[in-house]
Protein chains: 2
Amino acid sequence: MRSDDRALLKSTPLFSDLPATAIDRLTYTAFVQNLPAGAVLFQQGDQPEFLYILLSGRVALTGRSAEGDEAVIEFFRRGDVFIAPAVILDLPYLMSTRVLQDARILMIPAEHFRDVLARDPALNAALVRELARHWRLLIRQIKDLKLRTAPQRLAAYLLDLSGGHGGNVLLPEERKLMAGRLGMTPESFSRAFAQLAAEGVTGRGRNVVIADAAHLRGFCAYDDIL
Amino acid sequence: MRSDDRALLKSTPLFSDLPATAIDRLTYTAFVQNLPAGAVLFQQGDQPEFLYILLSGRVALTGRSAEGDEAVIEFFRRGDVFIAPAVILDLPYLMSTRVLQDARILMIPAEHFRDVLARDPALNAALVRELARHWRLLIRQIKDLKLRTAPQRLAAYLLDLSGGHGGNVLLPEERKLMAGRLGMTPESFSRAFAQLAAEGVTGRGRNVVIADAAHLRGFCAYDDIL
DNA sequence: GTATAGGCTTGACAAAAGTCAAACTGGCCG
DNA sequence: CGGCCAGTTTGACTTTTGTCAAGCCTATAC
């Protein structure tokens with residue numbers, strides 16, 4: 001682990017309130033793995049052997065249907081800790097992980113993590129907050145899927161990316177993957193995007209412009225559905 | 001709080017590993033509220049004032065769309081602790097809560113809960129596990145919504161209710177509410193149910209029989225999607 | 001520059017789910 | 001017992017979304 005990795009960990013919400021010694025205790029058995037785009041870190045159903053922290057690159061958590069369709073549950077970026085719940089409970093992963101862009105991943109042995117967790121109250125407290133934050137993201141995603149149409153989901157996602165107040169937005173992922181994250185096919189994504197032109201959303205490639213954020217908020221009930 | 005309430009708390013996964021003194025410390029400022037079916041505990045957007053523990057009755061967490069449709073996120077029953085994340089982070093509720101069946105609810109003032117949490121490592125540890133468990137339920141729900149059709153979702157839900165091995169199942173809620181939980185309209189629920197007759201699911205009222213669990217598991221990819 | 005591969009879009013169609021309205025059911029109350 | 005009310009089912013229809021196939025565009029390789 002490089003010194004800038006340590007700095008990255010320290011800047012992360014999970015570790016920012018922990019003393020440096022706690023971070024050391026957690027990471028001294030850890031190692032860094034470099035993975036190319038396309039690699040699969042683990043498959044759903046596997047028993048968890050590591051807690052992962054993404055040091056650089058991009059990664060997606062995905063579920064796969066019986067027919068082989070892939071749904072993206074969530075994207076992760078630099079600094080994110082992922083699949084902590086499976087590691088904490090020592091239960092099989094519910095999802096698979098795929099590397100989207102060459103990644104450096106800090107691997108903390110699951111057993112070691114649980115040992116430290118059992119002894120370190122500050123880590124527990126930090127983890128409670130981390131899980132609570134993440135819990136709310138999942139709730140928002142469920143409400144999104146149950147209460148909004150495909151174009152509304154896209155609109156809300158774009159508003160999230162823009163910080164809620166519109167302007168220029170840079171799409172963080174391929175449209176195909178964003179479609180999966182939003183629970184639709186790439187074709188539906190494309191059509192949803194075309195429909196949003198009528199609501200003042202324009203753009204080509206990864207650059208998107210939201211002309212009238214207030215109007216788009218109304219379109220997708222941004223403030224009602226939270 | 002009655003003495004059987006205390007016993008109930010002690011039997012709950014969140015509190016079972018905590019010493020009695022911890023439970024007392026947490027509940028001495030708490031009180032019990034009786035609410036009739038139909039009552040609304042709080043609305044989405046409200047600032048959290050209490051952590052709730054359901055002592056008896058039934059309750060649903062719901063989100064509401066701009067058009068007024070209600071989606072059920074989750075049902076809670078005796079012993080469940082709900083909306084801990086909002087209380088922990090002191091952020092507005094993302095959902096509303098409606099009482100489905102006359103309920104007795106233990107109300108723990110949010111501020112007090114956070115104070116105790118800040119001082120009690122065992123409570124933190126228990127909460128980490130509780131949140132991790134719940135986190136996995138939400139992931140399963142998201143995968144359900146993204147990867148399964150309406151009849152498959154119903155089939156998987158029925159299998160969950162039956163413990164995965166079929167037989168007689170008692171529906172825990174009105175069909176209308178189950179439809180909301182599964183992300184469909186009551187009409188679609190009714191048709192999905194009719195379709196499952198071809199897969200060996202029969203029943204009237206709240207009693208349902210799964211004739212061939214193995215076959216129904218295949219139908220909804222129960223073991224593939226987890 | 002041209003070739004090529006992948007992602008993206010479009011069109012025509014099919015399937016799934018929602019809407020609206022009407023009929024049916026079952027429980028509860030007078 | 002009868003009537004009422006809410007929940008549920010069914011039917012006809014619409015809308016939304018998915019599917020399949022073709023074409024396009026862009027980025028990179030050669």
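Quick note on labels: first sequence line is chain A, next is B, and so on, each numbered from 1.
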Expressed in angstrom and rounded to an integer, what is the separation of Leu145(A) atom CG from dA17(C) atom C1'? 15 Å

Might you confirm whether atom CZ of Arg78(B) has over 12 heavy atoms from other residues, nucleotides or ligands at distances under 6.0 Å? no

Under 4.0 Å from OP1 or OP2 of dA17(C): is there any side-chain N or O of Ser188(B) that close? no

What is the distance from CD of Glu187(B) to C1' of dA16(C), rounded to the nearest Å? 14 Å

Arg98(B) bridged to Glu70(B) by N-O distance under 4.0 Å: yes

Can you measure Arg148(A) atom CZ to dG18(C) atom C1' for me and round it to whole angstrom units? 19 Å

Rounded to whole angstrom units, what separation is found between the CZ atom of Phe189(A) and the C1' atom of dC8(C)? 10 Å

Phe193(B) CZ to dG7(D) P: how many Å, rounded? 18 Å

Between P on dG26(C) and CZ on Arg206(B), what's the gap in Å once rounded to a whole number? 14 Å

Distance criterion of 3.5 Å, no angle test: do you see the side chain of Arg191(A) paired donor-to-acceptor with the base of dT19(D)? yes

Can you confirm if the NZ or CZ of Arg181(A) lies within 45° of the ring axis of Phe75(A) and under 6.0 Å from the centre of its six-membered ring? no

Shortest side-chain distance from Ala194(A), nucleotide among dT10(C), dG18(D), dG18(C): dT10(C)

Per atom distances to the Lys176(A) side chain, the nearest of dT19(D), dT9(D), dC8(C) is dC8(C)

In whole angstrom, what separates Glu174(A)'s CD from dA27(D)'s P? 13 Å

Apply ring-ring contact (aromatic ring centres under 6.0 Å, His included) to Phe76(A) and Tyr52(A), showing your working. CA-CA 11 Å; Phe76(A) 289 107; Tyr52(A) 304 94; over 10 Å; no

Between Thr185(B) and dG18(C), is there a side-chain N or O to OP1/OP2 distance below 4.0 Å? yes

Closest to side chain of Ser190(B), choosing from dT9(D), dG18(D), dT17(D): dT9(D)

Would you check if the distance from the ring center of Phe50(B) to the ring center of Phe31(B) is below 6.0 Å? yes

Quick one: the side chain of Arg204(B) and the base of dG26(C), do they pair up donor-acceptor inside 3.5 Å? no

Return the value, rounded to whole Å, for the distance between atom CZ of Arg175(B) and atom P of dG27(C). 13 Å

